[in-house]
Amino acid sequence: MNVRRSAAVLAATVAIGTGTPAVAASPSPSPSLPSGLYGSSDPTYDGVWRQSLALIALYRVHAEPAAAAVDWLAGQQCESGAFPAFRANPAKACDAKLMVDTNSTAAAAQALSAVGGHGAAVTKAVTWLKSVQNKDGGWGYTPGGASDANSTSVVIGALMTQHTPVSTIRNGAKSPYDALLKLSLPCADGGAFAYQPDKKGKLTANADATAAAVVGALGQSMVSVKAGGKKNAACGDAARPTPEDAAANGSAYLAKAVAKDGHLTSALPGSENQPDYGNTADAVVALAAQGGTAAASGPLRWLERNSAKWAEQSGPAAYAQLILAAEAGGADPSDFGGTDLVKQLTATGPAPVTASQDDSDTSVWWMVGAGLAAGAGIGFLLSSRNKKKQP
């Protein structure tokens, strides 16, 4: 997921350089990080994304975040309903120079839907997403950009907040599922999903895109993803493949990709291949969504043994990804390879609402209520006694 977002930002930057009118450079962040934001790194390219993942992860473990964290995210929304990757000055109206994107908007919509109390903002975000749907039924990272599997899948998650069948959200005759099917490869090429076609229209298997698309094709979201019960069978080419067929094939591809080492591998130009922790976490979610916790056990156990240092270096989005993987895979996020992921995540942002605070507040109001009840009871008894004494 982290690699994919970097690639998406790079693609957006290239589009800016070629004069695409819908895209412009994001503003520079303020000198000091805004209060309410998770993480201490520069939020220019991932502020809304990492905040959204953090809130979704906390929701999944039934932890109530600080109001400041929710308010920060809600304050990033533009009047159009869209979200940028980061809005340095929320008091200033969004203009053409501020780049908004589908990924930040879709993730924020899911997060605000999860925490509750922001129904109008969520609906506004989804309405904007619908307005920039491509003719093939999908979405690109930027409005009007070529559809890709990752963006289309995260938007599917946002569409689900409106309780409307995703298959009915169409631009002409095409739905989001049509866009994903167009990006799925036949079994001869592994059954994976491509990120998007290259300039010649060729599809190349992409593990990151596959992990996202499996969840999207199954009609699930980051907020609601749960372990499925469908067997991760071998890849199969159906004459008229359905989204479920493509998800099963993508899951089979991921299962094969992690079978040897227990993780996905990142191949960066000029460097040696290395474990891809973030995309492995996403693969765990996809494998579990398709085939249940048993299907995800291998890479999940690998993450438990090896991901602590990566998460510590990478910050809140990494902790959130691991929490989502643990939740989907049936592990305990509070004891994930000896690490309390929830504690580590909350430590990167504003102090959350804690049980002790709730208990303390409850105790105070219980005592006040008890006192009032007792007073009312005494008053009732005295009144009754007085009535008995009257002739």
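The minimum heavy-atom distance between Ile169 and Pro176, with the atom names listed, is O-CD, 3.0 Å. In plain terms, the two heavy atoms of Trp72 and Pro34 that are nearest each other are NE1-CG, 3.3 Å. Counting all heavy atoms, side chain and backbone alike, Gly236 lies closest to Cys187 at N-SG, 3.1 Å. In terms of heavy-atom proximity, Ala295 sits nearest to Leu287 at CB-O, 3.7 Å. Across all non-hydrogen atoms, the minimal contact from Val48 to Ala108 is CG1-CB, 4.0 Å. Between Cys235 and Ala252, the shortest heavy-atom contact is N-CB, 4.1 Å.
Under a 4.0 Å N-O distance rule, the pair Lys202/Asp198 does not qualify as a salt bridge. Using a cut-off of 4.0 Å between Lys/Arg side-chain N and Asp/Glu carboxylate O, Glu79 and Lys124 are scored as salt-bridged.
Side-chain contact check for Pro333 versus Leu322: every heavy-atom pair is 4.5 Å or farther apart. Taking the side chain as every heavy atom from C-beta outward, Leu33 and Pro43 approach each other to under 4.5 Å. Contact annotation: the side chain of Phe83 never approaches that of Ser52 to less than 4.5 Å [non-hydrogen atoms, C-beta and beyond]. A 4.5 Å side-chain heavy-atom check between Pro316 and Leu53 finds every atom pair outside the cut-off. When side chains are defined from C-beta on, Pro275 does not count as touching Thr280, because their heavy atoms never get closer than 4.5 Å. Side-chain atoms of Asp136 and Asp178, non-hydrogen and from C-beta on, never get closer than 4.5 Å to each other. Inter-residue side-chain proximity for Tyr319 and Glu312 is flagged as met; some heavy-atom pair is nearer than 4.5 Å. Proximity of Ser153 to Val215: side-chain heavy atoms (C-beta onward) are nowhere separated by under 4.5 Å.
Judged by distance alone, the side chain of Ser80 and the main-chain N or O of Ala82 form a donor-acceptor pair under 3.5 Å.
For Thr102, the side-chain contact (heavy atoms from CB on, under 4.5 Å) partners are Trp128, Leu129, Val132, Trp139, Ser151, Val155, not counting sequence neighbours. For Gln162, the side-chain contact (heavy atoms from CB on, under 4.5 Å) criterion is met by Val122, Thr123, Val126, Thr164, not counting sequence neighbours.
Tyr253 and Leu181 end up in different hydrophobic clusters when Ile, Leu, Val, Met, Phe, Trp and Tyr side chains are linked at under 4.5 Å. Val70 and Phe86 end up in the same hydrophobic cluster when Ile, Leu, Val, Met, Phe, Trp and Tyr side chains are linked at under 4.5 Å.
Here the NZ-CG distance, from Lys130 to Asn171, works out to 13.0 Å after rounding to the nearest 0.5 Å. We find the CD-CG distance between Gln76 and Asp71 to be 12.0 Å, quoted to the nearest 0.5 Å. Note that the CG atom of Asp340 and the CD1 atom of Ile323 stand 8.5 Å from one another [nearest 0.5 Å]. Put simply, CG on Asn249 and CG on Leu254 are 11.0 Å apart, with the number rounded to the nearest 0.5 Å.
Looking only at atom types and distance, the side chain of Asp276 has no donor-acceptor partner in the side chain of Thr265 under 3.5 Å away. When only modelled atom types and interatomic distance are considered, Ser104 and Asp101 share a side-chain donor-acceptor pair under 3.5 Å.
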For Leu324 and Val225, run side chain to side chain contact (heavy atoms under 4.5 Å, CB included): C-alpha distance rounded to whole Å, both residues' side-chain angles, the deciding distance at 0.1 Å, then the answer. CA-CA 9 Å; Leu324 295 177; Val225 67; 5.8 Å; no
Side chain to side chain contact (heavy atoms under 4.5 Å, CB included) between Gln110 and Ile56: does it pass, once the steps are laid out? CA-CA 7 Å; Gln110 293 184 60; Ile56 291 170; 4.0 Å; yes
List the steps, then state whether side chain to side chain contact (heavy atoms under 4.5 Å, CB included) holds for Leu180 with Phe193. CA-CA 8 Å; Leu180 289 183; Phe193 286 83; 4.2 Å; yes
Does the pair Tyr45 and Arg50 meet the rule for a side chain to side chain contact (heavy atoms under 4.5 Å, CB included), with working shown? CA-CA 10 Å; Tyr45 299 113; Arg50 77 192 191 207; over 6 Å; no
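Applying the side-chain hydrogen bond (donor to acceptor under 3.5 Å, both in side chains) definition to pairs two or more places apart or across chains, those involving residues 292-307 are Arg301-Glu304.
Within 6.0 Å of the OH atom in Tyr59, the count of heavy atoms belonging to other residues, nucleotides or ligands does not exceed 12.
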